[in-house]
Amino acid sequence: MSKYVKNLITEELRRRLAGVDSAVLVNVSRLDGVSSTRLRKELREKKISLMVVKNSLARRALVGTPLASMFEGLTGPAAICWGGEDIVSLAKEVFRLAEQKDYEKLELRGGCMEGKRLSPEELKQVSKMPTRQELLARLLGQILSPGAQLVGQLVGPAATLAAQIRQKAEPEQQPSPPE
């Protein structure tokens, strides 16, 4: 490969991965063509990109980026997965697919989260964390909980008192005398 072609590929990698701070490394070389295509389609549906890269070119393209540590000392075939809502949802999806029978030859090689290199074991721990959406839902529940409890405590006795006042305000109806 000529130096000109290597520079073009490096620039393309740099452009496509600009702004990405978290990614997962996988090995898709042992998948057959049909499985690889299906894998890419499933990932695309989740807004996750997969790109097979040459380690030396990726190393050169990612210098000075948060993903640079991911390729330090890496040997063998690799593909970068990035996208999704966050690193947790990305890791969950990749692990979910790797556990399927169709993709049993998919090898997880680690990843990178905000500049820190992750081993496959650390990546598995990340995949078990709650996603951003789950954390936001939990936080919202905790924020709204005290207000909901206060309203419930105020409404309960007030409703009872209102019912008693209404009952006293209504004229008592006398039972009609038997005939």
Side-chain angles (χ1 to χ4, degrees), residues 9-10 12-149:
I9 293 171
T10 302
E12 178 65 13
L13 280 172
R14 192 173 290 133
R15 185 189 66 75
R16 287 184 70 184
L17 296 172
V20 176
D21 64 349
S22 301
V24 174
L25 271 180
V26 295
N27 178 4
V28 293
S29 66
R30 294 188 292 155
L31 292 174
D32 61 37
V34 174
S35 296
S36 178
T37 303
R38 273 199 323 262
L39 173 70
R40 288 172 186 268
K41 181 179 180 262
E42 285 191 48
L43 289 172
R44 223 181 357 262
E45 288 170 358
K46 301 282 185 169
K47 295 185 170 65
I48 297 172
S49 300
L50 178 98
M51 180 172 49
V52 177
V53 293
K54 185 172 179 175
N55 296 341
S56 61
L57 294 178
R59 210 175 282 121
R60 205 184 328 166
L62 298 174
V63 168
T65 68
L67 299 178
S69 64
M70 191 166 52
F71 284 94
E72 291 173 3
L74 184 69
T75 59
I80 304 173
C81 289
W82 75 94
E85 294 176 11
D86 56 7
I87 184 66
V88 177
S89 60
L90 174 63
K92 282 181 191 250
E93 185 62 23
V94 171
F95 270 96
R96 182 189 70 79
L97 290 170
E99 291 172 354
Q100 289 183 6
K101 187 176 184 255
D102 293 345
Y103 309 117
E104 62 192 1
K105 293 180 180 177
L106 179 67
E107 176 190 357
L108 293 146
R109 306 217 36 214
C112 185
M113 180 171 67
E114 297 174 356
K116 181 183 180 288
R117 186 177 181 173
L118 300 173
S119 68
E121 295 78 29
E122 291 171 325
L123 194 60
K124 188 166 190 156
Q125 290 174 351
V126 168
S127 73
K128 293 179 182 176
M129 293 177 169
T131 64
R132 181 176 188 275
Q133 292 296 331
E134 292 167 346
L135 286 174
L136 288 174
R138 247 189 236 172
L139 180 63
L140 186 62
Q142 290 174 347
I143 290 171
L144 294 178
S145 177
Q149 287 178 347

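What's counted below: heavy atoms across the whole structure, side chains too, no hydrogens, waters or symmetry copies.
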Does the pair K101 and E104 meet the rule for a salt bridge (charged side-chain N to carboxylate O under 4.0 Å, His left out), with working shown?
CA-CA 5 Å; K101 187 176 184 255; E104 62 192 1; over 6 Å; no

List the steps and the verdict of side-chain contact (heavy atoms from CB on, under 4.5 Å) for C81 and L43.
CA-CA 9 Å; C81 289; L43 289 172; 4.2 Å; yes

Apply side-chain contact (heavy atoms from CB on, under 4.5 Å) to R96 and Q100, showing your working.
CA-CA 7 Å; R96 182 189 70 79; Q100 289 183 6; 2.8 Å; yes

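Considering only heavy atoms from C-beta on, L135 stays 4.5 Å or farther from V88 through its side chain. Looking at heavy atoms from C-beta onward, L25 lies in side-chain contact with F71 at the 4.5 angstrom threshold. Here the side chains of I87 and V24 are in contact, with some heavy-atom distance below 4.5 Å. In this structure the side chain of M70 reaches within 4.5 angstrom of the side chain of I80, judged on heavy atoms. Annotation: side chain of S35 is in contact with side chain of R38 (closest heavy-atom distance under 4.5 Å).
Results of the side chain to side chain contact (heavy atoms under 4.5 Å, CB included) test with V94 over L108, L39, L123 single out L108 as the only residue that passes. Just one residue in the list K128, K116, R117 forms a salt bridge (charged side-chain N to carboxylate O under 4.0 Å, His left out) with E122, and that residue is K116.
Under a cut-off of 6.0 angstrom, the local environment of NZ in K46 is sparse, with at most 12 non-hydrogen atoms contributed by other residues, nucleotides or ligands.
Nearest heavy-atom pair, W82 versus S22, reported as atom, atom and distance to 0.1 Å: CB-O, 4.0 Å. The shortest heavy-atom contact between A79 and V28 is CB-CG2, 4.2 Å. Between M113 and L118, the closest heavy-atom pair is CB-CD1, 3.7 Å. Nearest heavy-atom pair, R109 versus V26, reported as atom, atom and distance to 0.1 Å: CG-C, 4.0 Å. Annotation for F95 and P120: closest pair CZ-O, 4.0 Å, computed over non-hydrogen atoms. Here the closest non-hydrogen pair linking L74 and A78 is CD2-CB, 3.8 Å.
Here the straight-line distance linking atom OG of S69 with atom CG of L67 works out to 7.5 Å at 0.5 Å rounding. Residue T131 holds its OG1 atom at 12.5 Å from CG of L90, rounded to the nearest 0.5 Å. Interatomic distance, CZ of R14 versus CG of L57, reported as 11.0 Å (0.5 Å rounding). To the nearest 0.5 Å, atoms NZ (K54) and OG1 (T10) are separated by 10.0 Å. Note that CE of M51 is 4.5 Å distant from CG of L17, once rounded to the nearest 0.5 Å. Distance check, rounded to the nearest 0.5 Å: NZ of K92 to CD of E85 gives 11.0 Å.
For E121 and K124, the salt-bridge test fails: no basic side-chain N is under 4.0 Å from an acidic carboxylate O. Using a 4.0 Å cut-off between charged nitrogen and carboxylate oxygen, E134 and R138 do not count as a salt-bridge pair.
Here E12 pairs with R15 under the salt bridge (charged side-chain N to carboxylate O under 4.0 Å, His left out) rule; sequence neighbours left out.
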